[in-house]
Novice: 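Take a look at this one; I'll ask things after.
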Amino acid sequence: QVQLVESGGGLVQAGGSLRLSCASSGRTINVYAMGWFRQAPGKEREFVATISWSGGSTYYADSVKGRFTISRNNAKNTVYLQMNSLKPEDTAVYYCAASPGHVPSIDYEYDYWGQGTQVTVSS
């Protein structure tokens, strides 16, 4: 099984940057596409970004294109989300997930999920 643990969340001012990490224990992540989703209170979980198993392909939600960058280091069994130019609407719990797909953007395509890390962006 894949156990995923997110870290790096916190409070940041609008326009600032934050880097989230997702570490895997147990099974290595090199055979999985990895993704980030987020969920604000009272809202549906939404897709943020995904990266293929090798790191060669990425796909982003329109709302974060040009601001967020997903990357991975399979040797460290870790995936990252670099978030720049943060906006208050980015405030949410951010979840890391693993999928057998290529660059999946739908939550049902993911098999494993972390517990989430809170990101709060203040004005």
Side-chain angles (χ1 to χ4, degrees):
Q1 299 296 316
V2 176
Q3 297 89 42
L4 304 173
V5 179
E6 303 93 336
S7 62
L11 177 64
V12 65
Q13 292 181 312
S17 297
L18 205 60
R19 190 191 195 198
L20 305 183
S21 297
C22 173
S24 174
S25 61
R27 192 181 306 170
T28 57
I29 64 170
N30 64 334
V31 298
Y32 294 96
M34 301 295 295
W36 289 94
F37 288 75
R38 65 188 183 186
Q39 187 170 28
K43 297 181 66 177
E44 299 282 338
R45 182 176 293 178
E46 66 175 349
F47 167 76
V48 175
T50 186
I51 186 167
S52 61
W53 68 270
S54 67
S57 298
T58 59
Y59 182 73
Y60 298 90
D62 288 342
S63 59
V64 305
K65 285 181 180 177
R67 300 189 298 121
F68 291 10
T69 302
I70 188 171
S71 62
R72 65 192 298 162
N73 188 326
N74 287 341
K76 296 182 178 180
N77 231 19
T78 304
V79 63
Y80 307 95
L81 185 68
Q82 178 67 46
M83 304 184 294
N84 298 327
S85 301
L86 283 163
K87 305 174 181 179
E89 54 261 43
D90 295 318
T91 296
V93 176
Y94 282 70
Y95 296 91
C96 175
S99 171
H102 182 49
V103 282
S105 60
I106 309 298
D107 55 5
Y108 64 73
E109 297 179 276
Y110 289 82
D111 294 332
Y112 305 100
W113 295 82
Q115 84 293 335
T117 185
Q118 177 70 47
V119 172
T120 303
V121 184
S122 62
S123 300

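When reading the values below, keep in mind they use all heavy atoms of this one structure, side chains included, and skip hydrogens, waters and symmetry mates. Since the model is a prediction, treat every value here as computed from it, not as a measurement.
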Novice: Given 3.5 Å as the limit, does a donor-acceptor pair link the side chain of Thr91 with the main chain of Val121, or not?
Specialist: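 Present.
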Novice: Using the rule given for side chain to side chain contact (heavy atoms under 4.5 Å, CB included), can you reason through Glu109 versus Phe47, listing the C-alpha separation, both sets of side-chain angles and the distance that settles it, and then say yes or no?
Specialist: CA-CA 11 Å; Glu109 297 179 276; Phe47 167 76; over 6 Å; no
Novice: Would you say the side-chain atoms of Thr69 pair up with the backbone N or O of Gln82, donor to acceptor, closer than 3.5 Å?
Specialist: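 No; judged by distance alone, with no hydrogens or angles, the pair does not exist.
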Novice: Between Gly101 and Ala33, what is the shortest heavy-atom contact and its length?
Specialist: O-CB, 3.3 Å
Novice: Distance-only, no hydrogens or angles: does the Asn77 side chain make a donor-acceptor pair with backbone N or O of Ile29 under 3.5 Å?
Specialist: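 Yes, Asn77 side chain to Ile29 backbone: donor-acceptor pair under 3.5 Å.
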Novice: Just one of Tyr80, Tyr95, Trp36 clears the side chain to side chain contact (heavy atoms under 4.5 Å, CB included) bar with Leu20, so which one?
Specialist: Trp36
Novice: Taking NZ in Lys65 as the centre, count heavy atoms belonging to other residues, nucleotides or ligands within less than 6.0 Å. Is the count above 12?
Specialist: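 Result for NZ/Lys65: enclosed.
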Novice: Short question: side chain of Thr50, backbone of Met34 - any donor-acceptor pair under 3.5 Å?
Specialist: yes
Novice: Is a side-chain N or O of Tyr60 found less than 3.5 angstrom from the main chain of Arg67, in a donor-acceptor match?
Specialist: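 Not a single qualifying donor-acceptor pair exists.
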Novice: Give the minimum heavy-atom separation between Gln118 and Ala92, together with the two atoms involved.
Specialist: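 Heavy atoms only, the tightest pair is NE2-O, 3.4 Å.
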Novice: I'd like to know if Tyr94 and Tyr59 are part of one continuous hydrophobic network [Ile/Leu/Val/Met/Phe/Trp/Tyr, side-chain heavy atoms within less than 4.5 Å].
Specialist: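 Tyr59 does not cluster with Tyr94.
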Novice: With the side chain counted from C-beta on, respond yes when Val5 and Ser25 share a heavy-atom pair under 4.5 Å apart, and no when they do not.
Specialist: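 SC-SC contact between Val5 and Ser25 ruled out.
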Novice: Could you measure the distance from the OG1 atom of Thr117 to the CG atom of Leu81? Nearest 0.5 Å is fine.
Specialist: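 Thr117 atom OG1 to Leu81 atom CG measures 11.0 Å (nearest 0.5 Å).
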Novice: Between Ser71 and Val79, which heavy-atom pair has the shortest distance, and what is it?
Specialist: O-CG2, 3.0 Å
Novice: Considering all heavy atoms of both residues, which atom of Val12 and which atom of Leu86 are nearest to each other, and what is their separation?
Specialist: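 Of all heavy-atom pairs spanning Val12 and Leu86, the closest is CG1-CD1, 3.4 Å.
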Novice: Roughly how far apart are Leu4 CG and Trp113 CH2, rounded to 0.5 Å?
Specialist: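 Between atom CG of Leu4 and atom CH2 of Trp113 there are 10.0 Å.
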Novice: Give a yes or no on whether the backbone of Gln115 and the side-chain of Glu6 come within a donor-acceptor separation of less than 3.5 Å.
Specialist: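 A pair under 3.5 Å: yes.
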Novice: Is it true that, when you exclude Glu89 itself, more than 12 heavy atoms of the residues, nucleotides or ligands shown sit nearer than 6.0 Å to its CD?
Specialist: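 Correct, the count exceeds 12.
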Novice: List for me each residue that meets side-chain hydrogen bond (donor to acceptor under 3.5 Å, both in side chains) alongside Asn74, sequence neighbours excluded, and say none if there are none.
Specialist: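 Counting only residues at least two positions away or on another chain, Asn74 forms a side-chain hydrogen bond (donor to acceptor under 3.5 Å, both in side chains) with Arg72.
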Novice: If two hydrophobic side chains count as joined below 4.5 Å and joins carry through other members, does Val93 share a cluster with Ile70?
Specialist: no
Novice: Return the minimal non-hydrogen interatomic distance between Ser99 and Tyr110, and the atom names on each side.
Specialist: CB-CD2, 3.4 Å
Novice: Please test Asp90 against Arg38 for side chain to side chain contact (heavy atoms under 4.5 Å, CB included), starting from the C-alpha separation and ending with a verdict.
Specialist: CA-CA 9 Å; Asp90 295 318; Arg38 65 188 183 186; 2.9 Å; yes
Novice: More than 12 heavy atoms of other residues, nucleotides or ligands under 6.0 Å from CD of Gln3: is that the case?
Specialist: yes
Novice: Can you see which heavy atom on Phe37 is nearest to which on Ile106, and at what distance?
Specialist: CZ-C, 4.0 Å
